[in-house]
Amino acid sequence: MEACMRDIPDCDWLQTWTALAKSFAFCYNPALQPRALIVFGCISKSIADQDIKQLLRILVKALESFNDIVLLEALVMCLTRLQPLLRPESPIHRALFWVAVSVLQLDEIALYASGLALLEQNLHTLDSQGTFEEKTLAQVMMSTREPLEWHFKQLDHAVGLSFKSNFHFALVGHLLKGLRHPTPTTVSRTTRIVSMLLGIIAKPHKRDKFEVTPESVAYLAALVSVSEEVRSRCHVKHSIARMIPESGSGENFAVDSHLNVMPHPPATNVSHAMSVMSASPSQRSEGSNGQSNQQPQQEASGVGTPTNRRQKSWDLLDQTAIALARQKKHHTQQQAQHQDRSARVSVSNENNVLLDPDVLTDFSTQALVLTVLATLVKYSTDENETRILYQYLAEASVVFPKVFPVIHSLLGAKINSVLSACHDHVILNAVQAIIQNMISSEDTTQQQLHYLQSCGFGGLWRFAGPFTKCNCTAESAELFVNCLEAMVETCLPIEEEEVELAQYPSMLSVSSNMNLSSSMSSLTLGSPTEKEPILDVGGCSDGSASSLGRSPFTKQRNFKCMGKATSGAEGAK
């Protein structure tokens, strides 16, 4: 159209088309509104703040009923397209970051993908405007939400991720879920966003983005299993793989040389071993005495065969290995105490270790790093990723022995599965090191997940799991409505020319069951860094999203929600 317009004097086709698309986008119509929103976002050449506010008001209306996922997805995609057209000084840029995060919290597959695209576009736009050159990401975003902290605190509590306690781990907790998304493009976008965040948080400090710091370690831990570059720059100090002997067959190593366990231990033995790991030191000693008293009777009755001896060594583990583990931890701690931090001249040398106790000195940071690694292991289905993560966890059990019990319950079931069915030597060797270090640890005061709840991250491992249909979506949507309504009415700029959003439905039937199988309801947004965004035209990601048979758009407001939002807005004022 633009090519044709160049040869026609005073041609305003595009302006007319944009005006028509805008009128349909702002008017409720279950058959046309989602399409019009996408068209409006794609063909607009400029946008005003009041137009974005109108779109956010429509988003509030759609969230109140939460029965039209396609309309919600179209709204988020429209905001994604329009944000780069906003004036650079508009406060809406920073507000859209929290809109995108709140969309991720809805735990809906289609909305998560569109919310992730909005987050990527938001970070790219703010970064290109130089927002993070002097101020950190956490400073910029936390100051934006400060007037609405009462609303955002409720959202954080509902999902179990506290931005106020630790901004970076809360953001990573929202992004880890993207690694479990069924669409490969969303998984790759998640990795791309985490990598972008590494560069953003390094800018104000003028340092290499791979340097391990308390701010960057959350993103590095999230990438370590999927990025070869991160592993090469943030390695493990005590590589478990180096402990595997080069000579001898793999079977001899797995059974006799190192692990001293059966290739397929019975479930009872595995359960007993895991109970030993989580027992107190006094319980462990009592169990050891009981086992040693029974040993002569077993040998006298002919039970002490080599196979059964391997079973017994699994139940109790090799005491010599445990003693060596204690000595190794003590030696490692002494080395860490005498290590000079100033020796880290370059982040590419041996001193840039992901799990460095000299860098991660705070107990909560250490616990959150281990929880991220344990969560990745818990939900990973790729053997290569699992192998890498267990090696880092094995090192964590050495360098953070007092913190490691926090994630015992997260690892228990996965370790049982590994010991029952896994034949990978590296994984088995790492798991053996983890078990020995956990047993040799004398500190059992942090064996439950209570600590994570106390620091505001009780939902970190739970939210990062696969997408599930649950009732928490309705609660999150209600809280999101309250927060977004207060944001639009109190925190965003007010224009004199703003018009009230139409409160009446379209004359068209709202109960039509038209099948929108064409392009506009299922566009896929490309990366904002691509020169030519590619739009994938096809069916919706889930089968239900292609049908627009919707219930009537409710005009009645939720008075309960309005009461909360009004009180929250007055408190913010």
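Hydrogens, waters and symmetry mates play no part in the numbers below; they use all other heavy atoms, side chains included. Bear in mind that the values here come from a model prediction, so they are computed numbers and not experimental data.
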Q) Residues two or more places apart in sequence or in another chain: which of them pass side chain to side chain contact (heavy atoms under 4.5 Å, CB included) with Asp127? A) Phe132, Ile200, Lys203
Q | Side-chain heavy-atom pair Pro147, Thr490 within 4.5 angstrom cut-off | A | no
Q | Considering all heavy atoms, the nearest Glu133-Lys206 contact | A | O-NZ, 3.6 Å
Q. Do Thr185 and Arg189 have side-chain heavy atoms sitting under 4.5 Å apart?
A. no
Q: Write down the atom of Pro204, the atom of Glu134, and the distance for their closest heavy-atom approach.
A: CB-O, 3.9 Å
(Q) So Leu106 and Tyr112, do their side chains get closer than 4.5 Å, heavy atoms only? (A) no
Q: Find the distance between CG (Leu118) and CZ (Arg81) and round it off to the nearest 0.5 Å.
A: 12.0 Å
(Q) A side-chain contact here means heavy atoms from C-beta on lying under 4.5 Å apart; do Leu484 and Trp98 qualify? (A) no
Q. Just wondering, more than 12 heavy atoms not from Lys153 lying within 6.0 Å of its NZ?
A. no
Q) Which atoms form the tightest heavy-atom contact between Leu370 and Ala396, and what is the distance? A) CD2-CB, 3.2 Å
Contacts table for residues 156-164: side-chain donor-acceptor under 3.5 angstrom, sequence neighbours left out:
unit_1, atom_1, unit_2, atom_2, d
Asp156, OD2, Arg145, NH1, 3.2
Asp156, OD2, Arg145, NH2, 2.8
Asp156, OD2, Phe163, N, 3.3
Ser162, OG, Ser165, N, 3.1
Ser162, OG, Ser165, OG, 3.0

(Q) Run Phe152 and Met142 through side-chain contact (heavy atoms from CB on, under 4.5 Å) and show every step you take. (A) CA-CA 10 Å; Phe152 281 109; Met142 292 304 291; over 6 Å; no
Q.
If the condition is salt bridge (Lys or Arg N to Asp or Glu O under 4.0 Å), which residues does Glu89 pass it with, not counting sequence neighbours?
A. Arg87
(Q) Taking the side chain as everything from C-beta on, heavy atoms only, tell me whether His205 gets closer than 4.5 Å to Glu211. (A) no
Q | Side chain proximity check, Leu410 to Val377, heavy atoms < 4.5 angstrom | A | no
Q: Please confirm whether the backbone N or O of Ala413 pairs with a side-chain atom of Ser417, one donor and one acceptor, at under 3.5 Å?
A: no
**Q.** Non-neighbouring partners of Arg180 that pass side chain to side chain contact (heavy atoms under 4.5 Å, CB included), sequence neighbours left out
**A.** Leu376, Tyr379, Ser380
Q: Scan residues 366-375 for pairs that pass side chain to side chain donor-acceptor pair (under 3.5 Å), counting only residues two or more places apart or in two chains.
A: none
Q.
Whether the side chain of Lys177 engages the backbone of Gly465 through a donor-acceptor N/O pair (distance < 3.5 Å, no angle test) should be reported.
A. yes
Q) Can you find a heavy atom in the side chain of Val103 that is under 4.5 Å from one in the side chain of Phe480? A) yes
Q: Take Val236 and Leu354 through the test side-chain contact (heavy atoms from CB on, under 4.5 Å) and record every step on the way to the result.
A: CA-CA 7 Å; Val236 291; Leu354 180 65; over 6 Å; no
Q | Gln105 side chain vs Ser476 backbone, donor-acceptor pair below 3.5 Å | A | no
**Q.** Evaluation steps, side-chain contact (heavy atoms from CB on, under 4.5 Å), between Tyr219 and Leu171
**A.** CA-CA 9 Å; Tyr219 309 101; Leu171 184 55; 3.9 Å; yes
Q. Hey, is the main chain of Asp358 close enough, under 3.5 Å, to the side chain of Thr361 for a donor-acceptor pair?
A. no
Q) Taking only residues two or more places apart in sequence, or in another chain, which ones meet Arg207 in a salt bridge (Lys or Arg N to Asp or Glu O under 4.0 Å)? A) Glu215
(Q) Whether the side chain of Thr183 engages the backbone of Thr186 through a donor-acceptor N/O pair (distance < 3.5 Å, no angle test) should be reported. (A) no
Q) Rounded to the nearest 0.5 Å, what separation is found between the CD1 atom of Ile407 and the OG atom of Ser397? A) 9.0 Å
Q.
Is it true that Ser232 and Glu228 share a donor-acceptor pair across their side chains at a distance under 3.5 Å?
A. no
Q: Say whether, by atom type as modelled, one donor and one acceptor occur between the side chain of His93 and the main chain of Asn122 under 3.5 angstrom.
A: no
Q: Please round to the nearest 0.5 Å and tell me the distance separating atom CG of Asn352 and atom CG of Asp208.
A: 8.0 Å
Q. When rounded to the nearest 0.5 angstrom, what distance separates OG1 in Thr125 from CZ in Arg94?
A. 13.0 Å
Q | Gln129 atom CD, neighbour heavy-atom count above 12 within 6.0 Å | A | yes
Q. Could you walk me through whether His168 and Ser216 pass the side-chain contact (heavy atoms from CB on, under 4.5 Å) check?
A. CA-CA 8 Å; His168 301 290; Ser216 67; over 6 Å; no
Q. Minimum heavy-atom separation for Leu460 to Gly173, with atom names?
A. CD1-CA, 3.6 Å
Q) If you take all heavy atoms of Val212 and Cys234, which pair is closest and at what distance? A) CG2-SG, 4.0 Å
Q. Atom CD1 of Ile415 and atom CD of Gln432: how far apart are they, to the nearest 0.5 Å?
A. 12.0 Å
Q) Going from OG1 on Thr131 to CD on Gln139, what distance comes out if it is rounded to the nearest 0.5 angstrom? A) 13.0 Å
Q: Compare all side-chain heavy atoms of Leu368 with those of Leu452 and state whether any distance is below 4.5 angstrom.
A: yes
Q: Please report the closest heavy-atom contact between Leu179 and Val187, naming both atoms and the distance.
A: O-CG2, 4.1 Å
